[in-house]
Protein chains: 2
Amino acid sequence: MAIPPGVSERDFSLALSEFAGAVGREWVYTSAADMDLYRDAYSPYQGESEDRAPSAAVAPDRVEQVQQIVRIANRYRIPLWTISTGRNLGYGGSSPTLSGSVILDLKRMNRILEVNDKTHYAVVEPGVSYFDLYRHIQERGLKVWIDPADPGWGSPLANALERGGGRTPMRDHWNAVCGLEVVLPDGELLRTGMGALPGAEVWHQYKYGFGPIVDGLFSQSNFGIVTRMGIWLMPSPEAYRDGRVMVPRHDDLVPFLEHYAYLMNSDILRGTMLLDSPLLNYHASQGGSFFDMPGGPSIAELDGLARDRNLPYWGAEFRFWGPPKLIEAQWEYVKERYSTIPGAMFTEGRNYVFPTEIDSADATLPVALGIPTLGVFGLLQGGGHLGFSPIIPMTGEAVFKAQRVFGQLYAEMNLPAGNQFFALPWSYSPRALVLLFGIPLSADIEQNRNGRRIFERMVEASAANGWGEYRTHVAFMDHVADTYSFNDHAMRRLHERLKDLLDPNGVLSPGKSGIWPRHMREG
Amino acid sequence: MAIPPGVSERDFSLALSEFAGAVGREWVYTSAADMDLYRDAYSPYQGESEDRAPSAAVAPDRVEQVQQIVRIANRYRIPLWTISTGRNLGYGGSSPTLSGSVILDLKRMNRILEVNDKTHYAVVEPGVSYFDLYRHIQERGLKVWIDPADPGWGSPLANALERGGGRTPMRDHWNAVCGLEVVLPDGELLRTGMGALPGAEVWHQYKYGFGPIVDGLFSQSNFGIVTRMGIWLMPSPEAYRDGRVMVPRHDDLVPFLEHYAYLMNSDILRGTMLLDSPLLNYHASQGGSFFDMPGGPSIAELDGLARDRNLPYWGAEFRFWGPPKLIEAQWEYVKERYSTIPGAMFTEGRNYVFPTEIDSADATLPVALGIPTLGVFGLLQGGGHLGFSPIIPMTGEAVFKAQRVFGQLYAEMNLPAGNQFFALPWSYSPRALVLLFGIPLSADIEQNRNGRRIFERMVEASAANGWGEYRTHVAFMDHVADTYSFNDHAMRRLHERLKDLLDPNGVLSPGKSGIWPRHMREG
């Protein structure tokens, strides 16, 4: 049996008995078979000694048990690694940053505490999945939509804490959070925002409470365990429609994104946009690159190819949710605005008035309709991926620069830079774009070594250009935190001071987001 | 000359010389005449010994000077009270919570560092006013709107930190904040969010950075001094229109607000709504009450009065910003939806396509058009007011309950409960309503004593009903913080631990939001 680092076998065994006393013997796992389930099935260190593995797992059913576990962990200095439900693919699965951590598995805390379809919010525990929440709403005929992450098995609470994104107007999941209940590292219970007022009527309707706002401290964090969360929902819209906008030339991306920013920041375009490129799709299918590679075709040549093949250089599907006449007016205005780009083309898309049957052929459409699925996996080539996701400005110039920077990098590293599922930016959050790269992993150690090298080079190249990652794999949290180094790492030093204050024994998720407790900082 | 409590005359005088060395002698104020300017002109303790007064003031020009001042303050244990610009009327003006504090006046740090009208944000220092920012944008013909607070002399940075509100779709000012620069209590410089990455390209476009989010710690706070802030702006809309919706009966408020929540949470209604009542206006003009007073007319009688006088019970002006056809479609849909309430009435309002002349007769209209003014003062009766502002749910039932609770209180206290400027709820923030009471103050000590008693009773009555205040006057921060008492004041205890960690000498704004440094907590 694995043992947490720095803990004696005797203490570990005593701690496990006490965990069993708190939650029941059947909810403490220690077998190798059980531990395998908590490893990252697509680890970038698969088969290598650095692969992260837990020592045990404990699954509480309610908040009092979480408090007891945290207190026991403090007594025996047991590192806990908190997970909710779902798979966290691309970011390390359920595996801890520190090998030997005990997984605190919150899957049994799966209560949907409230869904309000008059003021549009839900209150959930960590183990609730998008599927659970969707089913709950459907069964009761409630008039609200959820905003699922692409894989529907995820936890709305955990995805929001990790600052994940969806595809509807509520896509910025952390921004939809309103009111937390948190177990602090000493076992103390905290309610944030208006929840700090006993009997609060607006805990999950008004975010800020009174005085300094502490909610953000518990996002991508090891400062506490969130056991309850309010999440704002969208009122069920009457209708949905979509349509495509395409522009012919490379440089058209500049006005394309300028219009997009205007429309999005005016609440006329409200969902997630995934930029696409019919021209680059074709070019990649002919062995060309999605990126702007040194030695590759010039922009002028690609513009020529686009003209010859009658393929638009850039395009995007725009999606609308609301009353039929209103979303028709929105789409008309979007077309009017984009018509100022010479050669802009439009195609009409789907048009649904609910309730209705939807087009089951498009694997990502259900998510845009608030319906959790696992359809996204059909779009990925087999095997795991290491997620790399830098944030760049919402401008054409920034996309061009990213194309050059990553093109240069792909060239230097002799990488095949063909069609990438995630090579073009998304608008997962308002006001900025994110690039979502998936670096392929496999059972092949050499390939994974190379993948890690690529990842590290990408982090460096991004940081050198002023682009930081919004989230990363558990194995690379230190690397990414290292790039946030302004004023001799003032942010990390503040994070570490907060960690030492709140969790002096360092029992909660050591290493999460690059934050280590004092006694492990030299490691 | 006043002296900060617990500081010797000699140390105070040494500290003032060192402040003068840091910022120049002309920027350290100590005269009684100067100090009067920093007192609350409408203090609820006017003429009484508890009235808060500063001992001196110091006005730095740049962030390095702020760092120096903070370090000097630590050496001599001088309490600083940070202000920006504007008047903070109703909440204590420039006066500190702790008498004898030295005002750290950031009025000279008034640089507009950037306005971006492609991705729509501004970057400002604390001393910039709404007037300054508006003028800067107009002079350059930039295509963005600001969202002013009602008095245009306020600081966009400070108003956002205090979680103030405006009237356009960007009305939730804290929610529009993106990226801070902060001087910590030890003089260390921190950049939050993506700003922690050197050379960050998206500091003011993406809010969250990497790892735990600390930005909220500096809102309504004494944990640091914010010296720079990114604020998201609205792209200049093509047009504006408004219209009124009125419903005839008392109970119509339930569907009225249910439709409103649907429309607002669907981004169809996007600005601040101020509920009004033609019937109660009339009733108050006849000596009746705005509240549901014991012994007052029954709901049935008021419904009868509304019918007899042909006055709608409830109404609101709805405002729309965007392309002409789109906002016409929004207004049409709003009317369609409200038409389901029997007897609903609509009046068409203003209709502007920009650039155009606007109706100068309406004092609050400019603010809704992104134009800072001081027009709001024309609407207030003379003299100061003590602001009382609890948050309630966005439902008719909650408004009825508030009417009863405050009606009961007014009756118990024998208060005139006639027409109140702020007696009906506003939607300053999404998803909840706020009541904004102004309790009149004057030069009369007895009236002020009574006003304070009313205020304290209102805080208690609110808390007993689960409603907390979003912000309060410097003289009442302890009272309000006391109501956020869940789990033996877990939130305040966390605030205090953070205060002791970050500011062990307690030099930054002691008492702000009810947070006192350790050595003053017994006071």
Side-chain angles (χ1 to χ4, degrees), chain A residues 118-120 163 188-191 194 196-202 205-206 208 210-213 215-217 219-221 223 235 258 261-262 265-267 270 322-323 325-326 329-330 333 391 393-394 429 431-432 463 466-468 480-481 483-487 490-491 494-495 497 501 513 515, chain B residues 118-120 163 188-191 194 196-202 205-206 208 210-213 215-217 219-221 223 235 258 261-262 265-267 270 322-323 325-326 329-330 333 391 393-394 429 431-432 463 466-468 480-481 483-487 490-491 494-495 497 501 513 515:
Chain A
K118 298 288 189 285
T119 55
H120 314 113
R163 310 203 281 260
E188 190 75 82
L189 197 65
L190 180 79
R191 290 183 171 175
M194 304 309 277
L197 193 130
E201 288 207 337
V202 290
Q205 294 106 298
Y206 180 74
Y208 306 141
F210 184 71
I213 303 167
D215 300 57
L217 293 184
S219 170
Q220 291 192 357
S221 164
F223 299 162
E258 206 173 308
Y262 181 94
N265 297 339
S266 303
D267 293 335
R270 301 192 303 140
K325 280 186 214 154
L326 195 46
Q330 287 174 332
Y333 181 72
I391 308 276
M394 190 172 275
S429 62
R431 311 265 170 164
W467 308 322
V480 171
T483 64
Y484 286 79
S485 63
F486 172 77
N487 186 21
M491 181 58 78
L494 176 59
H495 281 157
R497 290 171 74 192
L501 171 76
S513 297
I515 303 165
Chain B
K118 298 288 189 286
T119 54
H120 315 112
R163 311 203 281 260
E188 190 76 81
L189 197 65
L190 180 79
R191 290 182 172 175
M194 304 309 277
L197 192 130
E201 288 206 338
V202 290
Q205 295 107 297
Y206 180 75
Y208 307 139
F210 184 73
I213 302 166
D215 299 59
L217 292 184
S219 170
Q220 291 191 357
S221 164
F223 299 163
E258 205 173 310
Y262 181 94
N265 296 339
S266 304
D267 293 335
R270 302 192 303 141
K325 281 186 214 154
L326 194 47
Q330 286 173 333
Y333 181 72
I391 309 275
M394 190 173 274
S429 63
R431 312 264 170 163
W467 309 321
V480 171
T483 63
Y484 287 79
S485 63
F486 172 76
N487 186 20
M491 181 59 77
L494 176 59
H495 282 157
R497 290 170 73 191
L501 171 76
S513 297
I515 304 166

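Side chains included, hydrogens not; waters and symmetry mates left out as well; all remaining heavy atoms used. Below, chains carry the letters A, B, ... as their sequence lines are ordered, and counting in each starts from 1.
- Of the atoms belonging to I515(A), it is side-chain heavy atoms, and not backbone ones, that fall under 4.5 Å from chain B.
- Both the backbone and the side chain of L326(B) come within less than 4.5 Å of a heavy atom in chain A.
- Q220(B) and S513(B) get closest at one heavy-atom pair: O-OG, 2.6 Å.
- With a 4.5 angstrom heavy-atom cutoff, L189(B) touches chain A via backbone and side-chain atoms both.
- The backbone N or O of I213(B) sits nowhere less than 3.5 Å from a side-chain atom of S219(A) that would complete a donor-acceptor pair.
- Residues T119(B) and N265(A) approach most closely at O-ND2, 3.7 Å, considering heavy atoms.
- The backbone N or O of G211(A) lies less than 3.5 Å from a partner atom in the side chain of R163(B), making a donor-acceptor pair.
- For H495(B), the part lying under 4.5 angstrom from a heavy atom of chain A is the side chain only.
- With a 4.5 Å cut-off on non-hydrogen atoms, Y333(B) touches chain A through its side chain but not through its backbone.
- Only the side chain of S429(B) comes within less than 4.5 Å of a heavy atom of chain A; its backbone N, CA, C and O stay farther away.
- Per-residue counts of heavy-atom pairs under 4.5 Å with chain A were compared for E188(B), Q330(B), M394(B); the largest is that of E188(B).
- Ring geometry for H120(A) against Y262(B) counts as perpendicular: the plane angle is over 60°, on a 0 to 90° scale with 30° as the lower cut.
- Across every non-hydrogen atom of R270(A) and D267(B), the tightest pair is NH1-OD2, 3.0 Å.
- Contact count versus chain A (heavy atoms, under 4.5 Å) is highest, among W467(B), Y206(B), Y208(B), for Y208(B).
- Panel note: side chain R431(B), backbone V202(A); no donor-acceptor pair is recorded below 3.5 Å.
- Only the side chain of F223(B) comes within contact range of chain A, judged by heavy atoms closer than 4.5 Å.
- Within the 3.5 Å criterion, the main-chain N or O of A490(A) finds no donor-acceptor partner in the side chain of R191(B).
- Both the backbone and the side chain of I391(A) come within less than 4.5 Å of a heavy atom in chain B.
- If you tally non-hydrogen atom pairs under 4.5 Å between each of A329(A), P393(A), A432(A) and chain B, the highest count goes to P393(A).
- In terms of heavy-atom pairs under 4.5 Å with chain A, the best-connected choice from A261(B), G199(B), P212(B), S221(B) is P212(B).
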